[in-house]
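Counting starts at 1 for both ligands and their atoms, following the listed order. Along the sequence shown, residues are numbered consecutively beginning with 1. Note that the coordinates shown come from a computational prediction; the quantities given were computed from them, not determined experimentally.
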Amino acid sequence: MTGSSDIRLMKILLNNGSGRMPALGFGTLIPDAAETITATRNALEAGFRHFDCAERYRNEHEVGEALQAGMAAGGIARADIFVTTKLWNTNHRPERVEPAFEASLKRLGLEYLDLYLIHTPFAFQPGDEQDPRDQNGSVIYDNEVTLLDTWRAMENLVDRGKCRAIGLSDITLDILLSIYEPARIKPAVVQVESHPYLPETELLEFCKEKGIVFLAFAPLGHGMKPGLLEDPVISAIAARVGKTPAQVLLAWAVQRGTALLTTPRTAARARENFDISALPEDAFNEINRIQTRQRLNPVVKTGVGGFLT
Ligand SMILES: NC(=O)c1ccc[n+]([C@@H]2O[C@H](COP(=O)([O-])OP(=O)(O)OC[C@H]3O[C@@H](n4cnc5c(N)ncnc54)[C@H](OP(=O)(O)O)[C@@H]3O)[C@@H](O)[C@H]2O)c1
C-alpha cells in the first residue's frame with residue numbers, strides 16, 4: 001500500500017510489477033446510457049481515478065466517452081487513471097478472448113487496459129446472446145471449455161502488451177487455487193462481493209499472502225435497505241466520527257487492505273464517497289466484530305447476477 005494517512009489516495013501494488021491500483025474505485029454498472037456518462041464524469045471530478053467496466057454492462061462506449069471528455073477538461077493523463085474491463089461468460093472459448101478484448105478496448109476508446117478480468121468462472125454458450133437460455137428458461141452453459149483454457153488466452157493478452165494485468169471475478173478460494181497453481185501469469189486481482197456481512201476473511205488472507213489485490217464490490221451492500229447502510233453499529237460509528245454510514249463502510253474496506261468499487265450516481269454522492277478518512281482503531285475493530293452474515297449477489301454460484309451482475 002502507498003498513500004500515507006490519506007486513505008482517499010491509497011494505491012495497492014500489483015504483484016506483476018505493472019503498477020498500482022487506486023484503492024477507491026468507481027463501478028460503472030449503470031443501466032441508463034445518459035446516466036452512465038454523467039456519473040462517470042462526476043466520479044472523475046470528485047477524484048476517482050479507478051474505473052471498473054464490463055462488456056456485460058453494455059455501456060463501455062459511454063464510459064469511454066465520459067473518460068475522454070473528463071480527462072481533457074481536467075488535464076488528466078491516461079497514465080493517471082486505472083481502467084478495468086471484463087470478459088463476459090459467452091466469450092470463454094480461447095479463440096473468442098482476443099476479439100472480445102479488442103472490441104471492449106475499441107468501445108472504451110483506449111490503447112491499453114490496466115486490468116482485464118474474467119467476469120465469472122462460468123462459461124455460457126458462445127455467441128452474441130449474453131444471456132443464452134433454453135426452452136425452460138435455464139442458462140445454457142458451455143462444457144467444452146475450462147477456466148484454465150480461458151486463463152491461458154488471458155495470459156497471451158498480457159504477452160502482447162495491450163493489457164497490463166489479468167485477474168478473476170466472482171470466484172471462491174477453491175476456484176482461485178485451481179488457477180493460481182498452474183498459472184504462468186498469476187492473477188493480479190480478484191473482484192468479489194465483500195462488506196462487513198461478507199468479510200471473506202479466508203480469501204482475503206490468501207490474497208494478502210500472495211500479493212493479489214482483493215477488490216470488493218457491494219461495499220455498501222448494493223445500497224439495499226434494510227441493510228448495511230442502516231446497520232446500528234455502522235450508524236453509531238458514523239454519528240461518533242462525524243461521517244456518513246457510506247463513508248464509514250468505504251473507509252473500513254480500505255483500512256482492511258482491500259480495494260473497492262462503489263457506484264454513486266450523483267455529483268454529491270460521488271464527492272461523499274470519495275471524501276473518506278481513516279476510522280479510529282476501536283471503530284474499525286467494532287465493525288470487524290459484526291456477526292451478521294449475508295451474501296447479496298448469487299452470481300458466484302451461477303454466473304448470473306440476480307438483479308445485478
Ligand atoms: N463482478 C461482479 O459480478 C459485480 C457485481 C456487482 C457489481 N460489480 C461492480 O461493483 C460496482 C459497485 O456496485 P455496487 O452495487 O456493489 O455498489 P455500492 O456502492 O455497494 O451500491 C450502490 C448502491 O448504493 C447506493 N449508494 C451509493 N452511494 C451512496 C451513499 N453515499 N449513501 C447512500 N447510498 C448510496 C446507490 O444508490 P443510488 O443509485 O440511488 O445512488 C446504489 O443503490 C458496480 O458498478 C460494478 O462495477 C461487480
Side-chain angles (χ1 to χ4, degrees), residues 21 24-32 35-36 38-40 42-43 46 48 50-60 62-63 66 82-89 104 108 115-122 130 167-172 175 187 189-198 200 213-231 234-235 238 243-254 258-276 294-309:
M21 170 191 272
L24 263 181
F26 174 76
T28 64
L29 176 44
I30 304 170
D32 183 77
E35 208 178 2
T36 298
T38 51
T40 305
N42 291 337
F48 285 90
H50 165 185
F51 296 85
D52 179 78
C53 315
E55 62 171 304
R56 177 65 174 130
Y57 304 163
R58 294 178 172 274
N59 62 1
E60 290 171 305
E62 287 77 10
V63 174
F82 187 103
V83 184
T84 302
T85 198
K86 314 188 196 83
L87 178 85
W88 184 237
N89 302 353
S104 281
L108 285 161
L115 174 67
Y116 198 42
L117 299 176
I118 300 181
H119 200 144
T120 88
F122 297 89
Q130 287 191 334
L168 297 157
S169 167
D170 297 323
I171 44 89
T172 57
I175 294 179
V189 176
V190 299
Q191 180 181 135
V192 291
E193 175 182 341
S194 188
H195 40 71
Y197 294 171
L198 189 66
E200 294 280 27
V213 178
F214 180 110
L215 174 57
F217 75 77
L220 307 181
H222 285 326
M224 288 163 81
K225 290 186 178 173
L228 276 160
L229 287 164
E230 294 172 338
D231 182 281
I234 303 296
S235 304
K243 288 283 183 182
T244 66
Q247 290 169 327
V248 168
L249 288 163
L250 299 176
W252 175 80
V254 175
T258 76
L260 64 87
L261 297 171
T262 181
T263 305
R265 297 205 211 188
T266 63
R269 276 197 174 161
R271 286 192 294 272
E272 176 186 337
N273 290 8
F274 192 74
D275 184 25
I276 60 170
Q294 189 180 15
R295 181 183 290 284
L296 304 169
N297 201 313
V299 61
V300 71
K301 295 187 184 117
T302 60
V304 181
F307 62 104
L308 286 164
T309 298

What do we get for [X] next to ligand 1 when only non-hydrogen atoms under 4.0 Å count, side chain, backbone, both or neither?
{"X": "Ala54", "answer": "neither"}
{"X": "Ser169", "answer": "side chain"}
{"X": "His119", "answer": "side chain"}
{"X": "Thr28", "answer": "backbone"}
{"X": "Glu272", "answer": "side chain"}

If you measure every N or O of Leu29 against every N or O of ligand 1, does any of those distances drop under 3.5 Å? yes

Geometry only, no angles: is Val299 polar-contacting ligand 1 at N/O separations under 3.5 Å? no

Give, for atom CG of Asn273 and atom OG1 of Thr262, the distance between the pair rounded to the nearest 0.5 Å. 4.0 Å

Residues that Glu35 engages under side-chain hydrogen bond (donor to acceptor under 3.5 Å, both in side chains), provided they are two or more places apart: Arg265

Which option wins on minimum heavy-atom distance to [atom]: [options]?
{"atom": "atom 40 (O) of ligand 1", "options": "Glu230, Arg269, Arg265, Glu193", "result": "Arg269"}
{"atom": "atom 2 (C) of ligand 1", "options": "Leu117, Asp170, Ile171", "result": "Asp170"}
{"atom": "atom 47 (O) of ligand 1", "options": "Thr262, Leu250, Asn273, Asp52", "result": "Asp52"}

Would you say Leu229 and Met224 make side-chain contact, with heavy atoms under 4.5 Å? no

Just wondering, do Glu62 and Glu60 contact through their side chains at under 4.5 Å, heavy atoms? no

Could you check whether Arg295 pairs with Glu200 (Lys NZ or Arg NE/NH1/NH2 to Asp/Glu carboxylate O, under 4.0 Å)? yes

Do side-chain atoms of Thr120 reach the backbone of Gly303 as a donor and acceptor pair under 3.5 angstrom? no

Determine, using heavy atoms of Tyr57 and all atoms of ligand 1, whether some pair is separated by less than 4.0 Å. yes

Just to check, does Gln247 reach to within less than 4.0 Å of ligand 1 when the distance is taken from its heavy atoms? no

Identify, with sequence neighbours excluded, every residue that meets side chain to side chain contact (heavy atoms under 4.5 Å, CB included) alongside Ala66. Ile37, Thr40, Arg41

